[in-house]
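Basis for what follows: all heavy atoms, side chains included, without hydrogens, waters or symmetry-related copies.
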Amino acid sequence: MCKFKERWIKVNKNQDKVLTNMVGMRYDHEICDRYSGIIIGNGGPELKMNSGFDAQHSYNIELNGHTQNGNSTKGQNGNIHRSEKLLNGNGYTSNGNGHIHHNDDVKEKHFPLPEEDVRMERSLGLISGTAIIAGTMIGSGIFVSPKGVLEGAGSVGMSLVIWLSCGIISMLGALTYAELGTTIARSGGEHAYLMEAFNPNEKYKCFGRIPAFLFDWISVFIIRPSMFAIMCFTLGTYVTQPFYHDCVPPIYLTKIFTVLAMVLLCVINCMSIKFAERIQVVMMVVKLLAAAIIVGGGFYSLSQGNTETITSGFEGTGTETSIIVLSFYNGLWAYDGWNNLNFVTEELQNPRKNIPRAICIAIPLVTVVYIAVNIGYFAVLTQTEILASEAVAVEWGKRMLGVMQWIIPVFVVCSCFGSANGSLFSSGRLCYVAAYDGHLPSVLSFLHLRRHTPIPSMIFTLIISALLVVPFDLSSLIGFFSFTAWIFYGLTASTVLVLRYRLKHKTEHDNYQVPLAVPILVMILSVYLVLVPLIYIPKPEYIHVLIFMAVGLLLYFLLVYKKVKIPFVDLATRFLQKLFLVVHPSGKAE
């Protein structure tokens, strides 16, 4: 990558000197249009660019004016200082043969274009891919959801059945997405698959984009931010709980720590993709260690004869369908993250092999860990104690670890931190791809000039997530998230059938294919999980989602289909480009 260079060009009297280092500058097309005529530079000199915006074209620059706030005039000695940050776009200057006709010392300060393309790089291997799935799934859910699952199930035995069933459902969904990820090697998850299935090659310009746009609309503003917010909220809960012992910590303090964690994670993901990947792998190891402590302590307790809770079996199992569905929502929330790898397909090495492999490693591992951890809880705590606790893992630590009970909140905080990191990592990519395809403001698809990180999309996700934390509590967010998520899980599963039919003569032999019954079963399950709450317990949040989708449909026709221009968007884009030093991606991952 080119480094920042500062240079002096001395122009002596009655001599012309060639500008020798005008190489590698990238100009935004709108800024270039402004710079194609007479402009006033910072310091006063008039600059005349005789050539317009053109790739690989040299610019002739003449200083043919005088400084307006300096002492230099044409033919006299003086100093002119210009500092320009001309970023992004598709124009390049060549070696340059522009001449300076002036008797001044000219100081030029530029930010050169990197020698390589500005684009996402394929830096994720099988281990990193597995860590993104398992590291996001094992997080706050297993430390919060046991209470919600047990409450809806009514018995210990039924709660374990629900945990196992949620693991099987997640595996079916992930296998369905594995076929989509190997068939359509684009980042963005559901966005990419809905675009390809319902709007191939822009064939149906009016209605073809609607499914993908509605997914972007709901996901960018509800699903992904709420997922990130829930994880960070759990982190904030476990950070503050130890300081209040048996009391409930103030909600405002928990939310302050939640927002601080969000900001820290956003900074990490904006600064370095590699660092974010390393955090994900390390935190996955920490999660497994925390789970091993709970499982080991649980089996030790069982060996001491504490089997009362476990042996209660299916006593008290609930029979109300709507309540059992809500317990499934809590369990599926703990498993969510199984589709995260599909959001970063373009950054994954050999996705045709690594997507199915990572899924087949991560999800069975997580399922075994979840069931074992729940047995660890039931071996130490009674059913009543679990239902009364807001932080089940902390209660377990108090009972089993004594003076070392502080270690459990530390492990849980690290676990939630890793899950939130994986969630933000993938959420930023969805926002980036949606903006790249014109469903969001284009600046959200820009990458940092040197770090190649999607800084605008990360900051946008941070802002939306922080706003969700303020009015909602944790339980309402979980129900809100699960309801909206399964609408699009089912719709995306249907794209397997559409693409199988359309690409039946084009599918490559080495592409992974799931048995056709699997996506059909996922579609049926998603319809059940969406309709039952609407029919039996129509909470206001569910109605709000439907209203929000209707608003999104209106915005689609105005902003995407009719392309109505919003005032000041171009001005804001240029400002954000200069503020964050971001540019439009110049290429796609190979």
Side-chain angles (χ1 to χ4, degrees), residues 25-37 39 52-53 84-91 111 113 118-120 187-188 191-192 195 199 202 205-206 208-210 212-225 266 269-270 427-449 451-468 548-588:
M25 289 300 299
R26 173 171 284 182
Y27 295 87
D28 182 88
H29 65 282
E30 294 174 352
I31 296 177
C32 271
D33 289 342
R34 292 178 58 201
Y35 275 71
S36 61
I39 63 168
F53 167 69
E84 296 176 352
K85 297 179 182 179
L86 307 179
L87 310 176
N88 188 33
N90 304 312
F111 294 88
L113 174 73
V118 179
R119 64 184 181 187
M120 298 288 194
S187 293
H191 167 90
M195 284 286 286
N199 191 41
E202 297 291 332
K205 292 184 178 181
C206 180
R209 282 178 172 259
I210 289 178
F213 179 84
L214 288 179
F215 169 75
D216 298 336
W217 174 246
I218 294 291
S219 296
V220 169
F221 289 96
I222 294 181
I223 296 180
R224 306 303 297 188
C266 184
N269 278 270
C270 289
S427 298
R429 271 57 181 179
L430 171 62
C431 189
Y432 158 80
V433 172
Y436 191 92
D437 284 344
H439 291 181
L440 293 172
S442 62
V443 70
L444 297 178
S445 70
F446 288 6
L447 302 175
H448 191 271
L449 188 63
R451 297 187 179 94
H452 299 185
T453 54
I455 291 178
S457 65
M458 290 293 181
I459 294 176
F460 184 78
T461 303
L462 167 67
I463 294 171
I464 300 299
S465 301
L467 291 176
L468 282 177
F548 196 70
M549 291 178 69
V551 173
L553 198 60
L554 176 63
L555 292 176
Y556 166 80
F557 282 105
L558 290 176
L559 303 180
V560 178
Y561 182 64
K562 292 295 185 180
K563 300 186 184 301
V564 175
K565 294 293 183 181
I566 300 177
F568 309 115
V569 168
D570 293 339
L571 183 63
T573 298
R574 288 196 293 270
F575 171 76
L576 292 173
Q577 278 190 271
K578 296 176 182 179
L579 178 64
F580 297 120
L581 201 64
V582 292
V583 300
H584 192 277
S586 57
K588 285 184 172 287

Would the number of heavy atoms belonging to other residues, nucleotides or ligands and lying under 6.0 Å from CZ of Phe575 be above 12?
no
Looking only at non-hydrogen atoms, find the nearest pair between Leu447 and Pro585 and report the distance.
CD1-CB, 4.0 Å
Find the distance between SG (Cys270) and NE2 (His448) and round it off to the nearest 0.5 Å.
9.5 Å
For Val443 and Phe580: C-alpha separation, side-chain torsions, deciding distance, then whether side chain to side chain contact (heavy atoms under 4.5 Å, CB included) applies.
CA-CA 11 Å; Val443 70; Phe580 297 120; over 6 Å; no
OG of Ser219 to CG of Leu214: how many Å apart, nearest 0.5 Å?
10.0 Å
Is the number of heavy atoms from other residues, nucleotides or ligands within 6.0 Å of OH (Tyr561) greater than 12?
no
Could you state the interatomic distance from OG1 (Thr461) to CZ (Phe221), rounded to the nearest 0.5 Å?
9.5 Å
For Val220 and Ile464, which heavy atoms make the closest approach, and how far apart are they?
O-CG2, 4.0 Å
Carefully, step by step, assess Ile210 and Phe557 under the rule side chain to side chain contact (heavy atoms under 4.5 Å, CB included).
CA-CA 9 Å; Ile210 289 178; Phe557 282 105; 4.0 Å; yes
Check the angle between the aromatic planes of Phe548 and Trp217 and answer parallel, tilted or perpendicular using the 30° and 60° thresholds.
parallel
Spatial distance of atom OG (Ser465) from atom CZ (Arg224) [nearest 0.5 Å]:
10.0 Å
With rounding to the nearest 0.5 Å, note down the distance linking CG in Leu576 to CD1 in Ile455.
11.5 Å
Taking every heavy atom of His191 against every heavy atom of Ala434, the minimum-distance pair comes out as CE1-CA, 4.0 Å
Would you please test Thr453 and Asn269 for side chain to side chain contact (heavy atoms under 4.5 Å, CB included) and show each step?
CA-CA 7 Å; Thr453 54; Asn269 278 270; over 6 Å; no
To check you understand the geometry: which heavy-atom pair defines the closest contact between Phe213 and Gly552, and what is its length?
CE2-O, 3.0 Å
At their closest point, which heavy atom of Leu430 faces which heavy atom of Gly188, and how far apart are they?
CD1-O, 3.6 Å
What closest approach, in Å, do Ala435 and Ser445 show between heavy atoms, and which atom pair accounts for it?
CB-N, 3.6 Å
Compute the centroid of each ring, for Tyr556 and then for His439, and state whether the two points are separated by less than 6.0 Å.
no
Under the side chain to side chain contact (heavy atoms under 4.5 Å, CB included) criterion, do Leu553 and Met549 qualify, and how do the steps go?
CA-CA 6 Å; Leu553 198 60; Met549 291 178 69; over 6 Å; no
Pairwise side-chain contact, Cys431 with Leu440, heavy-atom cut-off 4.5 Å (strictly under)
yes
